[in-house]
Each structure stands twice: as structure tokens, then as C-alpha cells.
Amino acid sequence: MVRKTRSEMIIETRAKLISAARQAFGTIGYADTSMDDFTASVGLTRGALYHHFGDKKGLLAAVVQEIDAEMDRRLTTISDTAESTWDGFVGRCEAYLAMALEPEIQRIILRDAPSILGNTYADTSQSQCLATMGHMLKQLMDQHIIHQTDCESLARLLNGGLMNATFWIANAEETEATLEKALHSLSITLNGLRIDQ
């Protein structure tokens with residue numbers, strides 16, 4: 001049997017902790033998650049958590065980063081496989097809203113992360129989203145599909161609206177009906193940007 005290198009063991013330990021925490025945070029929530037329980041579930045100790053993440057909050061930040069990256073990959077696939085830049089942009093916005101129905105995203109990303117991690121989470125999480133959205137808006141302007149305006153300000157307005165809507169959807173009593181309302185309003189908003197409308 002080949003022995004694992006130190007770096008391989010570190011990667012494996014971090015992955016185990018993130019996976020166990022993600023499962024716990026996603027099902028019972030951050031506040032009710034016992035560090036001893038989920039570390040023991042993967043054969044590790046609380047000391048391993050402190051060593052790799054500093055504390056429970058640091059572990060939550062790592063879990064959020066992993067989920068954010070997965071969400072971004074899903075959205076990128078949508079825009080990359082769309083028939084046009086416009087379809088890709090609209091598809092990304094719609095999919096982002098629909099993700100608010102997913103229990104793990106609701107609990108970890110839309111409930112626990114903002115209250116536990118605060119502005120640090122929001123700033124880090126949104127910087128990539130804003131850059132991507134700004135780039136796509138610039139493409140749409142260059143293709144004369146939407147009206148010319150400042151890309152950064154438009155990206156911030158749209159992104160802020162989408163984020164606010166996901167919080168609204170995730171915390172609504174009737175999440176699917178709320179998503180439908182949000183999608184209808186999104187359609188009106190986005191179509192208002194088009195030159196040919």
C-alpha cells in the first residue's frame with residue numbers, strides 16, 4: 001500500500017471536514033450543528049477542524065465557498081450552452097432565482113451565511129458574480145442587443161435585485177409561487193433593456 005503524502009492527507013482531511021459540515025449545515029443548520037458530532041462522523045477530532053479552518057465559522061466560510069463555486073459552474077454551463085448571448089444571460093438569471101428553491105442553498109447560502117459571515121461573505125461572494133454579469137452586459141451592448149449604459153452600475157442593480165429576490169423566495173411560505181412571481185418580474189425587467197422592445 002502506497003502511503004499518502006502530507007499534502008494529500010491535508011487535502012483529504014479538509015475535504016472530509018467540508019463534506020461533513022456541509023451535510024450538517026444543510027440539514028440541521030449552522031446553529032444546531034455540533035462540531036464534535038460531525039467531526040466524529042468522519043473519524044476526525046475538533047482539533048482537526050481548528051487546525052484547518054480556525055473555528056466553526058471558518059468552516060462555514062469554506063462550505064459556502066464550495067457551494068458558490070458549484071453554483072457558478074452551473075450558471076456558466078447555462079450561458080456557455082445557450083444559443084445566444086442574450087439567451088445565456090437570461091438563462092443564468094432565471095437559474096439563479098430557481099436555485100433559491102434548493103434546500104441546501106436556502107439554508108446555508110441564503111439563511112446562515114449572511115447572518116454568520118456578514119459583509120465579508122457578501123463582498124467575497126458577489127465580486128465574481130458582478131464581474132461575470134458586467135462582462136456579459138458589455139457583450140450584449142457591443143452586440144447592440146441592449147441599450148448602452150455603464151456596465152458596472154447595471155450589473156450592480158441587476159445583481160442586487162436578483163440577490164434580494166432569492167432571499168425573498170427562500171423565506172417565502174409558498175416558495176414556488178414566489179419564484180413564479182419573481183421570474184415574471186425578471187422577464188419584464190430584462191426585456192426592458194433590449195433595444196428591439
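All values below come from the heavy atoms of this structure, side chains included, with hydrogens, waters and symmetry mates left out.
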| message | Does Glu152, at its CD atom, have more than 12 non-hydrogen atoms belonging to other residues, nucleotides or ligands within less than 6.0 Å? | response | no

| said: For Gln148, is the CD atom crowded, meaning more than 12 foreign heavy atoms sit under 6.0 Å from it? | reply: yes

| message | salt bridge (Lys or Arg N to Asp or Glu O under 4.0 Å) for Arg74 and Glu70? Distances and angles first, verdict last. | response | CA-CA 6 Å; Arg74 288 167 60 185; Glu70 289 171 9; over 6 Å; no

| request: If the plane angle is over 60° it's perpendicular, under 30° parallel, otherwise tilted; pick one for Tyr30 and Phe25. | output: tilted

If we count only N and O atoms by modelled type, under 3.5 Å, do the side chains of [X] and [Y] hold a donor and an acceptor together?
| X | Y | result |
| --- | --- | --- |
| Thr33 | Asp37 | no |
| Ser19 | Gln23 | no |
| Arg92 | Tyr96 | no |

| query | Would Asp55 and Lys57 pass as an ion pair if we require N to O under 4.0 Å? | reply |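 Result for this pair is no, no salt bridge flagged.
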
For [X] and [Y], indicate whether the former's side chain and the latter's backbone hold a donor-acceptor pair under 3.5 Å.
| X | Y | value |
| --- | --- | --- |
| Thr77 | Arg73 | yes |
| Arg14 | His52 | yes |
| Asn159 | Ala155 | no |

| remark: The single option from Asn171, Ile116, Ile105 that satisfies side chain to side chain contact (heavy atoms under 4.5 Å, CB included) with Arg111 is Asn171

Within the 4.5 Å heavy-atom criterion, are [X] and [Y] side-chain neighbours or not?
| X | Y | answer |
| --- | --- | --- |
| Leu186 | Leu162 | yes |
| Gln139 | Phe89 | no |
| Leu75 | Thr132 | no |
| Trp168 | Lys181 | yes |

